[in-house]
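Each remark here refers to the structure printed beneath this line.
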Amino acid sequence: MRCHNAEPMNATLVRIFDAARPYLSTRSNEEHTRIAFDFAVRLLDQEEGNPNVVLPAVILHDVGWKSIPEDLQLAAFGPGKIDANLNRLHELEGARIARSILETERHPPHLIDEITEIILEHDSRPEPLSQNDAIVKDSDKLWRYSQRGLAVDVQRFGLNTSRYLSSLRKKIDEWFHTPTARRIATEELRLREKSPGVKD
């Protein structure tokens, strides 16, 4: 995996990503993970954070979706009312799977504890536990502002692009914890709004 304006993943991250891939073959999660990873690298360039925590956590944060049948997944995330129990299940399963992968890769135990704690409530806990957690949360949310993330969400939820962009703009201050993420989200929205496919 290569990041925008970044070197390829180091060997440890490549192994973690390869171990995660079988769990990312649902809900466009491999694409989502790659794009969130790129955003995490950009955030770490500007914000204080530990890449040995943030980057594995971003790679592994959604592996738990593989434990939820695909026909139930759309009820568990996205705009509108969601099934909080299903969403919570993906966090619990994700933390369990992530710990197994990281232990197999002999990641330092104290980092495994922090990574799995972040994954355990990455959606359900609004406020971050730490700066590392904040960067993971922000990287995850920034997917929605990317060109590909917007296209995926508009298609799978049957959304009006212009109205969805307007709702994303209103969420910037609520969702993002770092000033860099708020800036990136604003920049990404400007790019999306200039797209010839955006109509009222």
Side-chain angles (χ1 to χ4, degrees), residues 1 3-7 9-17 19-20 23-24 29 32-65 67 76-77 82 84-85 87-146 149 168 171-188:
M1 184 188 300
C3 308
H4 302 308
N5 303 317
E7 293 302 314
M9 279 188 179
N10 65 39
T12 298
L13 291 173
V14 168
R15 289 194 303 271
I16 292 170
F17 182 76
Y23 300 98
L24 299 175
N29 273 341
H32 166 61
T33 299
R34 289 177 181 275
I35 290 171
F37 184 95
D38 286 356
F39 282 127
V41 171
R42 292 174 64 184
L43 291 176
L44 285 166
D45 189 52
Q46 300 294 321
E47 301 285 343
E48 290 292 329
N50 183 347
N52 295 317
V53 171
V54 171
L55 298 179
V58 170
I59 292 169
L60 296 167
H61 76 282
D62 272 346
V63 292
W65 283 112
S67 301
F77 72 98
I82 65 169
N85 291 326
N87 193 280
R88 183 74 184 118
L89 179 60
H90 103 275
E91 294 178 315
L92 293 166
E93 286 295 297
R96 179 185 64 79
I97 295 165
R99 180 173 291 278
S100 175
I101 289 172
L102 293 168
E103 287 176 347
T104 299
E105 294 303 322
R106 301 182 182 277
H107 211 60
H110 68 287
L111 297 183
I112 294 176
D113 289 343
E114 183 175 356
I115 291 164
T116 54
E117 187 174 30
I118 288 170
I119 293 171
L120 187 61
E121 295 181 296
H122 68 273
D123 281 340
S124 60
R125 182 181 54 243
E127 293 304 315
L129 295 170
S130 64
Q131 179 72 352
N132 291 329
D133 190 10
I135 294 172
V136 173
K137 286 179 179 298
D138 285 357
S139 303
D140 187 17
K141 288 289 196 302
L142 280 168
W143 145 265
R144 302 181 193 196
Y145 294 75
S146 70
L168 288 176
K171 290 288 189 179
I172 290 176
D173 288 333
E174 176 187 343
W175 275 351
F176 294 106
H177 304 285
T178 65
T180 304
R182 288 191 287 273
R183 176 180 57 77
I184 291 173
T186 301
E187 291 170 353
E188 292 288 327

Has the side chain of [X] got a donor or acceptor atom that lies under 3.5 Å from a matching backbone atom of [Y]?
X	Y	answer
Tyr145	Ile184	no
Glu47	Thr178	no
Lys137	Arg125	yes
Glu121	Glu91	no

Atom pair [atom1] ([X]) and [atom2] ([Y]), whose distance is rounded to the nearest 0.5 Å:
X	Y	atom1	atom2	answer
Arg15	His107	CZ	NE2	10.5 Å
Asp138	Leu43	CG	CG	6.0 Å
Leu168	Thr186	CG	OG1	11.0 Å
Leu44	Ser139	CG	OG	7.0 Å
Lys171	Lys141	NZ	NZ	9.0 Å

Please name the residue in the list [options] that meets the side-chain contact (heavy atoms from CB on, under 4.5 Å) test with [X].
X	options	result
Glu114	Ile118, Ile112, Thr116	Ile118
Leu55	Thr12, Ile16, Val41	Val41
Ile119	Leu60, Val58, Val136	Leu60

Any side-chain heavy-atom pair of [X] and [Y] under 4.5 Å:
X	Y	result
Asp123	His90	yes
Trp65	Asn87	yes
Ile59	Phe37	yes
Phe17	Leu24	yes

What pair of heavy atoms forms the shortest contact from [X] to [Y], and how long is it?
X	Y	result
Val54	Ala40	CG1-CB, 4.1 Å
Asn132	Gly49	OD1-CA, 3.3 Å
Val63	Ala98	CG2-N, 4.3 Å

Only pairs at least two apart or in different chains count here, so list each side chain to side chain donor-acceptor pair (under 3.5 Å) that has a residue in residues 48-61.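 Those involving residues 48-61 are His32-His61, His61-Asp140.
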After noting the C-alpha distance and the side-chain angles of Glu93 and Ser67, does the key distance pass the side chain to side chain donor-acceptor pair (under 3.5 Å) rule? CA-CA 7 Å; Glu93 286 295 297; Ser67 301; 3.2 Å; yes
Hey, mind stepping through Glu188 and Leu142 against side-chain contact (heavy atoms from CB on, under 4.5 Å) and telling me if it holds? CA-CA 9 Å; Glu188 292 288 327; Leu142 280 168; 5.5 Å; no
CA sep, side-chain torsions, deciding dist, call: Asp133, His177, side chain to side chain donor-acceptor pair (under 3.5 Å): CA-CA 10 Å; Asp133 190 10; His177 304 285; over 6 Å; no
Ion pair check, Asp113 and Arg99, cut-off under 4.0 Å: yes
Exceeds 12 heavy-atom contacts within 6.0 angstrom, atom CZ of Phe176: yes
